Amino acid sequence: MTLSPAEADAVLAENFAPWVQALKLSVVEVGPAHAVLRLPWSDELAREGGGLSGQALMAAADTATVVALSAARGGYGPMTTIQQSTTFQRAVVGADVLVTARVTKSGRRLAFTDVTLTAEGESEPAAHATTVYAFPG
């Protein structure tokens, strides 16, 4: 059982700190082992030179992972990031970013995901991340 986009948006609204909610992420699509979120362009998230900051992209990747894992597990539950590795491949300027998180393996205690961040309208990723999550208990 997976989440609907509305249920996934509720995960965002109910389980994240105010500074993460300030990114204004929204769920575009959700499936049994993936989630696609939109990170809207904001001048407030741009760094010197006009590119979207790496910190915003990393937070979006981490957040999309939580939504994808919640979808894969049938709902939100306690989980924590234990590793995230991000590579930045090209700048994003003046465009929303589509953040696609795919669960590659999920076990009782650990889960692994692959996250691609692509500026809307582009075919090549702006950044790529891998994450490892733990489920306490």
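Hydrogens, waters and symmetry mates are skipped; everything else that's a heavy atom, side chains included, is used. All values reported here derive from a predicted model rather than from experimental measurement.
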Pairs flagged by salt bridge (Lys or Arg N to Asp or Glu O under 4.0 Å) wherever residues 49-58 is involved - sequence neighbours left out = none
Measure across P40 and D96 and return the closest heavy-atom pair with its distance rounded to 0.1 Å.
-> CA-OD1, 3.3 Å
Passes side-chain contact (heavy atoms from CB on, under 4.5 Å), F135 versus S106? Steps please.
-> CA-CA 10 Å; F135 306 114; S106 185; 4.1 Å; yes
E29 (side chain) donor-acceptor with A35 (main chain) under 3.5 angstrom = no
Sequence-distant partners of E120, salt bridge (charged side-chain N to carboxylate O under 4.0 Å, His left out), two or more places apart = R38
Going through the checks in order, is the side-chain contact (heavy atoms from CB on, under 4.5 Å) test met by V97 and T118?
-> CA-CA 5 Å; V97 177; T118 306; 5.9 Å; no
Will you find, in the side chains of T131 and T113, an N or O donor that is under 3.5 Å from an N or O acceptor?
-> yes
Do V20 and V99 belong together in a cluster built from hydrophobic side chains that touch within less than 4.5 Å?
-> yes
Does some side-chain heavy atom of L52 sit less than 4.5 Å from a side-chain heavy atom of V93?
-> no
Given the rule in the side-chain contact (heavy atoms from CB on, under 4.5 Å) test, do Y76 and V67 qualify, once you have shown the distances and angles that lead to the verdict?
-> CA-CA 8 Å; Y76 177 80; V67 175; over 6 Å; no
If two hydrophobic side chains count as joined below 4.5 Å and joins carry through other members, does M79 share a cluster with L25?
-> yes
What are the two closest heavy atoms between A64 and L37, and how far apart are they?
-> CA-CD2, 3.9 Å
If Ile, Leu, Val, Met, Phe, Trp and Tyr residues are connected whenever their side-chain heavy atoms lie under 4.5 Å apart, and connections chain through other members, are L69 and M58 in the same group?
-> yes
In terms of heavy-atom contacts, V103 and A72 come closest through CG2-CB, 4.2 Å
Quick one: do L117 and V132 end up in the same hydrophobic cluster if we chain Ile, Leu, Val, Met, Phe, Trp and Tyr together by side-chain heavy atoms under 4.5 Å apart?
-> no
Rounded to the nearest 0.5 Å, what's the gap from CD on E124 to OG1 on T116? Could you check?
-> 11.0 Å
Shortest non-hydrogen contact between A101 and V115, atoms and distance = CB-CG2, 4.0 Å
Walk me through it: do V36 and H34 pass the test side-chain contact (heavy atoms from CB on, under 4.5 Å)?
-> CA-CA 7 Å; V36 180; H34 79 281; 4.1 Å; yes
Show me, pair by pair, the donor-acceptor contacts under 3.5 angstrom made by side chains of residues 8-16, not counting sequence neighbours?
unit_1: D9; atom_1: OD1; unit_2: V27; atom_2: N; d: 3.0
unit_1: N15; atom_1: ND2; unit_2: V11; atom_2: O; d: 3.1

Rounded to the nearest 0.5 Å, what's the gap from CG on L57 to NE2 on H128? Could you check?
-> 13.5 Å
How long is the gap from CZ on R102 to OG1 on T100, to the nearest 0.5 Å?
-> 6.0 Å
Any pair with a residue in residues 106-119 that passes salt bridge (Lys or Arg N to Asp or Glu O under 4.0 Å), sequence neighbours left out, goes on the list, sorted by first then second residue, please.
-> none
Going only through I, L, V, M, F, W and Y residues with side-chain contacts under 4.5 Å, is there a path from L39 to L98?
-> no
Heavy-atom closest pair, residues L23 and A59 | CD1-CB, 3.8 Å
Sorted by chain and residue number, the side-chain hydrogen bond (donor to acceptor under 3.5 Å, both in side chains) partners of Y133 (sequence neighbours excluded) come out as D62, T81
Determine all donor-acceptor pairs shorter than 3.5 Å in which one atom belongs to a side chain in residues 41-49; sequence neighbours excluded.
unit_1: W41; atom_1: NE1; unit_2: D43; atom_2: OD1; d: 3.1
unit_1: S42; atom_1: OG; unit_2: E44; atom_2: N; d: 3.1

